Amino acid sequence: MQERHPTWFTKLPEARAILESPLPRSYLNFAGTWLLNFMDTLRGLMAFGLITLGVAVTKAGVARRVVRPLIRAQVYRAGVRLLPMITFLGVALGLIIIGQTVALLTQVGAHSLIGTVMVTVLVREIGPLLTALLVLARIGTATVVELGTARALGEVEALEALAIDPVRYLVVPRMIGLAASVFALTVYLILISLVSGYLFAFIQDVPLRPGEYFNQLAAALRWEDFVLLALKTIGFGLMLAVVTCFQGLARALRIEEVPHATTRAVVHAVVACVLLDALFIVVYLLI
Amino acid sequence: METAETIARPCVIEMQDAAISSPHSPDALEIEGVNWRVSLDDYWVVGARPGSGKSSLLAVAAGLQRPARGTHRLFGQETAALHEHELARERLRVGLVFEMGGRLFSHLTVAENIALPLRYHRDWPEEEVQARVAAVLELAGIAHLAAHTPARVVRALQPRVGLARALALNPEALLLDNPLAGLDPRHARWWLDFLAALAAGHEFFERRRMTLVVAGDDLRPWMEQGRQFALVKDRRWLPLGGREAAAACMEPLLRELLAAEFATE
């Protein structure tokens with residue numbers, strides 16, 4: 001591993017000595033190596049993300065004719081094509097979680113809490129995170145394979161030879177497409193699961209009128225929820241795009257390294273999304 | 001006389017004491033001490049054994065990759081000092097045809113492959129782009145492949161798509177990486193005739209003579225075509241001079257690349 005992906009710290013003589021030291025020390029070193037690797041990846045990701053944002057802003061007018069259809073294709077692929085899956089997941093979520101929660105809360109007479117619980121669980125947490133993970137599974141992995149293969153086969157160099165900015169052509173459309181898709185799909189997921197959850201509760205004869213249910217939801221929602229939902233889902237989309245494109249493009253991959261890069265990207269993307277989610281919990285607690 | 005002529009013609013690509021590293025391991029030098037000047041209308045043939053860094057050399061020459069050491073100039077301008085968009089503009093004046101199938105964009109059709117740089121760089125209306133794509137496809141003799149994806153194109157014709165893509169933007173110089181690799185004699189003949197026509201001034205480019213650089217590991221077909229010759233030997237740059245000088249040269253590597261050693265044995 002270390003030999004195949006030499007990073008800045010494995011080139012240091014001190015670091016080499018630590019990495020090659022015998023067993024008792026190596027347990028600690030394992031944690032140290034992991035931490036250094038983590039920091040290295042984090043640094044690379046941040047640099048890549050900033051470069052991409054820079055390109056997205058400064059070259060916003062460059063080659064719109066080429067980039068616009070690419071953005072549309074990404075929105076179609078990551079958004080529209082995922083609608084059936086999101087509908088399925090929304091119904092399942094509604095039946096399994098929402099319906100049962102509504103039934104339980106009604107049993108203990110905590111009717112008035114239904115809105116708050118729904119908003120906290122669904123709108124703030126599960127909706128965005130689940131959508132992001134679904135988009136990662138369906139589109140994120142495909143992105144790493146596509147870009148990794150393109151990089152390994154030299155297509156990225158071919159782009160550069162034609163003076164086409166690979167970040168503008170390959171990364172920016174994916175970033176915009178994924179951000180828009182995660183946002184839109186989250187809204188769909190939340191709406192579908194709220195409705196299907198009520199249907200489940202209705203079938204179970206929970207004494208809750210639709211008007212009452214939706215009134216409670218409306219009362220529990222604050223205007224910040226809409227803003228933060230938008231920010232969070234767009235953040236998830238950007239994060240997914242940056243992590244998957246970084247793993248696919250940033251290193252000079254060989255074709256046999258593409259599967260490895262894909263699994264790595266999934267791990268990094270999940271961790272990144274959860275960390276971003278944690279950041280938003282702090283924001284929710286503060287407001 | 002030849003030196004006077006060389007100095008008079010403007011410089012296209014110039015490298016001074018350049019060292020070339022491999023893109024996969026930037027620390028390992030593949031070629032060192034490259035002092036190379038490609039002038040307008042030159043027809044360079046660079047011979048080297050397979051795996052000795054020809055592709056990296058062309059990548060540096062085209063301004064895709066920075067030399068590990070030394071300076072590289074495109075059209076008289078030092079590339080290290082150029083701003084990104086200036087470098088991109090200079091780079092567009094040099095076309096690069098990659099080896100082994102030309103590195104086509106696999107998700108686009110042949111016509112879209114060629115249209116991509118036009119749509120990206122030129123503000124032309126769509127009909128003009130289509131007309132240019134059709135003309136370039138016709139020029140490369142692959143008009144019937146326009147709607148195919150690269151994977152469906154016969155292997156022998158894939159490099160021609162790469163050639164058409166490089167020619168679409170009307171470059172002043174063309175660098176070709178091992179263009180005859182794996183081609184049967186009929187296709188190899190087409191390439192040689194086409195490149196000879198480009199070097200002499202093809203009517204498609206209004207009879208403007210194109211500067212050519214060909215890198216290859218089999219020099220037999222090129223000895224009658226090229227006008228300047230060089231070798232990469234033991235990671236060093238070895239200029240041979242003009243056609244007569246190269247033909248008279250007894251350098252063992254040149255004999256090997258001309259398959260002359262096998263003939264004498």
Side-chain angles (χ1 to χ4, degrees), chain A residues 3-8 10-12 51 54-55 58-59 61-70 73-74 76-77 142-143 145-170 172-174 248-258, chain B residues 21-27 55-56 58-59 61-65 84-108 112-126 129 150-151 161-162 165-169 171 174-175 177:
Chain A
E3 295 307 318
R4 283 173 63 204
H5 300 291
T7 48
W8 58 275
T10 50
K11 285 179 194 156
L12 299 174
I51 289 171
V55 169
T58 56
K59 294 192 179 170
V62 176
R64 289 224 178 124
R65 182 148 66 129
V66 174
V67 175
R68 279 234 184 96
L70 290 175
Q74 285 300 325
Y76 176 73
R77 196 168 83 138
T143 302
V145 174
E146 269 170 17
L147 297 186
T149 315
R151 177 86 209 236
L153 296 179
E155 288 178 28
V156 177
E157 273 174 300
L159 280 176
E160 285 178 330
L162 298 166
I164 295 172
D165 186 342
V167 174
R168 174 99 183 113
Y169 180 74
L170 296 173
V172 172
R174 288 183 162 84
L249 282 183
R251 289 203 195 93
L253 287 178
R254 278 184 291 270
I255 197 93
E256 68 270 21
E257 291 167 344
V258 174
Chain B
S21 61
S22 135
H24 277 286
S25 47
D27 295 333
S55 305
S56 308
L58 289 187
L64 274 187
Q65 197 182 315
E84 190 192 332
H85 66 265
E86 293 168 324
L87 179 62
R89 199 185 53 219
E90 297 303 320
R91 204 191 271 159
L92 280 179
R93 299 168 71 185
V94 179
L96 179 57
V97 182
F98 293 95
E99 79 176 318
M100 304 300 280
R103 300 195 183 172
L104 308 173
F105 307 124
S106 48
H107 57 290
L108 301 176
E112 285 167 343
N113 257 281
I114 297 161
L116 178 64
L118 292 170
R119 291 196 178 121
Y120 194 91
H121 293 291
R122 302 275 189 265
D123 235 352
W124 294 354
E126 191 55 31
V129 171
V161 183
R165 191 176 65 185
L167 289 175
L169 283 168
L174 193 63
L175 314 182
D177 192 357

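Note that this is a predicted model, so its numbers are computed, not measured. Lettering of chains follows the sequences in order, A, B, ..., and the numbering in each one begins at 1.
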With a 4.5 angstrom heavy-atom cut-off, which part of B/His107 approaches chain A: side chain, backbone, both or neither? side chain

Does atom CD of B/Glu126 have more than 12 heavy-atom neighbours, drawn from other residues, nucleotides or ligands, at distances under 6.0 Å? yes

Engaged part of A/Leu162 at the chain B interface, taking heavy atoms whose separation is under 4.5 Å: both

Side chain, backbone, both or neither: which part of B/Phe98 has a non-hydrogen atom closer than 4.5 Å to chain A? side chain

In Å, rounded to the nearest 0.5 Å, how long is the span from CZ of A/Arg151 to CG of A/Leu159? 11.0 Å

Under 4.5 Å from any heavy atom of chain A - which part of B/Leu87: neither

Main chain of B/Leu116, side chain of B/Arg165: is a donor-acceptor contact present, judged purely on distance under 3.5 Å? no

Kindly indicate whether a cation-pi arrangement holds for A/Arg168 with B/Tyr120, taking the cut-offs as under 6.0 Å to the six-membered ring centre and within 45° of the axis. no

Chain A shares the most heavy-atom pairs under 4.5 Å, among B/Leu96, B/Asp123, B/Leu104, with B/Leu104

Which atoms of B/Val129 come close to chain A, meaning under 4.5 Å heavy atom to heavy atom: side chain ones, backbone ones, both, or neither? side chain

Gap between atom CD1 of A/Ile164 and atom CZ of B/Arg91 - 0.5 Å precision: 11.0 Å

